[in-house]
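Atoms considered below: every heavy atom in the structure, side chains included; atoms not considered: hydrogens, waters and symmetry mates.
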Amino acid sequence: DNIKELQSRMAEMVDEPLFSTAEFTDYIELFREFSKRFKEQIIIVIDEFPYLHDPKKDIESMFQKIYDEIISESEITLILYGSSVSMMESLLGYKSSHYGRRTGQWLVEPLRFKDVCKFVPKYDIQNCIETYAVLGGIPFYLSMFNDRNSVLKNIENMLLSKGSVLQREPEFLLMEEVREPRNYFLILKAIAFGNTRSSEIISTTGLDKSVVSRYIDVLHNLRIVKKSMPVTIKKENVRDIRYYLEDNLFNFWFKFIYPNEAQIEYGNTDALIQTIKSQLVVHTSFVFEDISREFLYEIMDDLPFRFERIGKWWHKDNEIDLVAFNEGSRDIMFVECKWKNRKIGVDVIEKLINKVKYVDWKNNDRHEYFCIISKNGLTKNAKQFAKENGVLNFDMRDMKRVFIVGNSEV
């Protein structure tokens, strides 16, 4: 059926009636005859290539031969696409017959927050941030939200209603990628609830250290879990690695949906909606750090220096949300990100300033800068303190100008 469908599309290009009625035994014969008749540049895309996988027919070797004998000598560009990361990497990896033949590879990543805002144009900046905290940057998920409804109403309709499109989406994705999903679920739930160190995950799940390590490696390769380290530390010296859920929908789902599946099954979601409503600020605060990082990249030309790296920093009990620095100019900026309803006081700024002495990076020979990025800005006293101490200050109004107003102008 797939050969006939591709043959039909090719027949439209060669404009030869007999081509559409010919009988081709395999893809090799189809591509060979097409290349004889069509000499111009053309791109052929095969969507969900792993679905063609059949050990009996060895489709991979067939396409290896197509490349070696036909495509490499023609004007055809062949793109193989697949949504299953593990399958695509195995089909194109070192042990695959395709290894060494690909001329390019691209992991299609989620959209940036700036682009996410375009999916919900009726939302203000706060609703856009909350939407991103729930769904992340996957276009399909974003298309499910109706910006005429509140964020909570969309959560209720798309995630808490039995049979809704996104209610079991992470579960389906995991079942497609891994065996033994139960242990993966335990690990992902543990991370979603704030157990970011390996020892905490082991203690929470009750799994052996070797099992946790192996499963986390798989989740990392699938881009579901990200490994984080203090941004100023070189990789070869890292011991204190933390783990976070890279996909925002997975994070939200394992925190609120998975533990409450029984309530959703029986339609008893009123209490769950109230729980989500009360915890949405805290949940969003962690994602706000990622949005703040993107915000700083967007306004980099207006900052005191152009940073080369930016990320979280921690040492023992001390932690700074974002640290940005430039090795050449020896400039470093310490950033506190606060997603709280109340305005930020002087104490938050003072606490940030007091923590920087623990950051071991070009000590005694660096230019230090400080920055507060908050939901609702600073108190009157904090504004004065920030002004006197040269502390940069941004809030949602600044983000609106960069992410929403800037979008509409483009």
Do [Y] and [X] meet the salt-bridge criterion of a basic N to acidic O distance under 4.0 Å?
X	Y	value
K312	E319	yes
E171	R168	yes
K65	D68	no
K4	D1	no
R112	D115	yes
R37	D15	no
D290	R293	yes
K114	E294	no
K338	D321	no

For [X], is the [atom1] atom crowded, meaning more than 12 foreign heavy atoms sit under 6.0 Å from it?
X	atom1	answer
K383	NZ	no
K362	NZ	yes
F193	CZ	yes
K226	NZ	yes

* To do: Just do the side-chain contact (heavy atoms from CB on, under 4.5 Å) check on F394 and F295 with the steps written out, would you?
  => CA-CA 10 Å; F394 303 104; F295 173 74; 3.6 Å; yes

* Any chance you could lay out the salt bridge (Lys or Arg N to Asp or Glu O under 4.0 Å) test for R330 and E368, step after step, and finish with the verdict? => CA-CA 9 Å; R330 311 181 83 83; E368 296 181 347; over 6 Å; no

* To do: Any chance you could lay out the side chain to side chain donor-acceptor pair (under 3.5 Å) test for E48 and S83, step after step, and finish with the verdict?
  => CA-CA 6 Å; E48 293 296 3; S83 57; 2.7 Å; yes

Between [Y] and [X], is there a side-chain heavy-atom distance shorter than 4.5 Å?
X	Y	value
N183	L207	yes
V323	I310	no
F24	M10	no
W253	L166	no
L107	R223	yes
F38	E40	yes
Q41	T77	no
V45	L80	no

* Do Y297 and F307 pass the ring pair (Phe, Tyr, Trp, His ring centres under 6.0 Å) test, and can you show the C-alpha distance, the side-chain angles, and the key distance before you say yes or no? -> CA-CA 9 Å; Y297 271 112; F307 56 84; 5.0 Å; yes

Residues [X] and [Y]: side-chain donor-acceptor under 3.5 angstrom:
X	Y	value
E177	Y184	no
N376	K340	no
N260	Q263	yes
N381	T379	no

Looking at [Y], is its backbone amide N or carbonyl O close enough to the side chain of [X] to form a donor-acceptor pair, meaning the two atoms are under 3.5 Å apart?
X	Y	value
T269	L272	no
S74	I71	yes
K39	S35	yes
N389	V391	no

Which class fits the ring pair [X] and [Y]: parallel under 30°, tilted 30 to 60°, perpendicular over 60°?
X	Y	value
W313	H315	tilted
F63	F31	perpendicular
W339	F288	tilted
H283	F252	perpendicular

* Are E327 and R309 close enough, and set up right, to give a salt bridge (Lys or Arg N to Asp or Glu O under 4.0 Å), and what steps lead you there? -> CA-CA 9 Å; E327 291 278 356; R309 292 185 62 190; 5.8 Å; no

* To do: Evaluate the criterion salt bridge (Lys or Arg N to Asp or Glu O under 4.0 Å) for residue pair E200 and R197; output intermediate values, then yes/no.
  => CA-CA 5 Å; E200 295 170 343; R197 293 181 171 90; 3.8 Å; yes

* Evaluate the ring pair (Phe, Tyr, Trp, His ring centres under 6.0 Å) criterion for residues F325 and F305: first the C-alpha distance (whole Å), next the side-chain angles of each, then the deciding distance (0.1 Å), finally the verdict. => CA-CA 9 Å; F325 57 88; F305 68 96; 9.0 Å; no

* Asked: Taking it one step at a time, do F185 and Y258 satisfy ring pair (Phe, Tyr, Trp, His ring centres under 6.0 Å)?
  -> CA-CA 9 Å; F185 274 47; Y258 177 58; 5.1 Å; yes

* Given I46 and I79, is the side-chain contact (heavy atoms from CB on, under 4.5 Å) satisfied, shown in steps? -> CA-CA 6 Å; I46 297 182; I79 297 176; over 6 Å; no

Enter the distance from [X]:[atom1] to [Y]:[atom2] here, rounded to the nearest 0.5 Å.
X	Y	atom1	atom2	answer
M13	F34	CE	CZ	6.0 Å
L219	L174	CG	CG	7.0 Å
E130	T284	CD	OG1	5.0 Å

* Any chance you could lay out the salt bridge (Lys or Arg N to Asp or Glu O under 4.0 Å) test for K355 and D317, step after step, and finish with the verdict? => CA-CA 10 Å; K355 281 191 288 190; D317 295 331; over 6 Å; no

* Asked: Would R366 count as a cation-pi partner of W361, with NZ or CZ less than 6.0 Å from the six-membered ring centre and within 45° of the ring normal?
  ->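 R366 over W361 ring: no.
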
* Asked: N195 and A190: which non-hydrogen atoms are nearest, and at how many Å?
  ->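 In terms of heavy atoms, the two residues are closest at ND2-O, 2.8 Å.
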
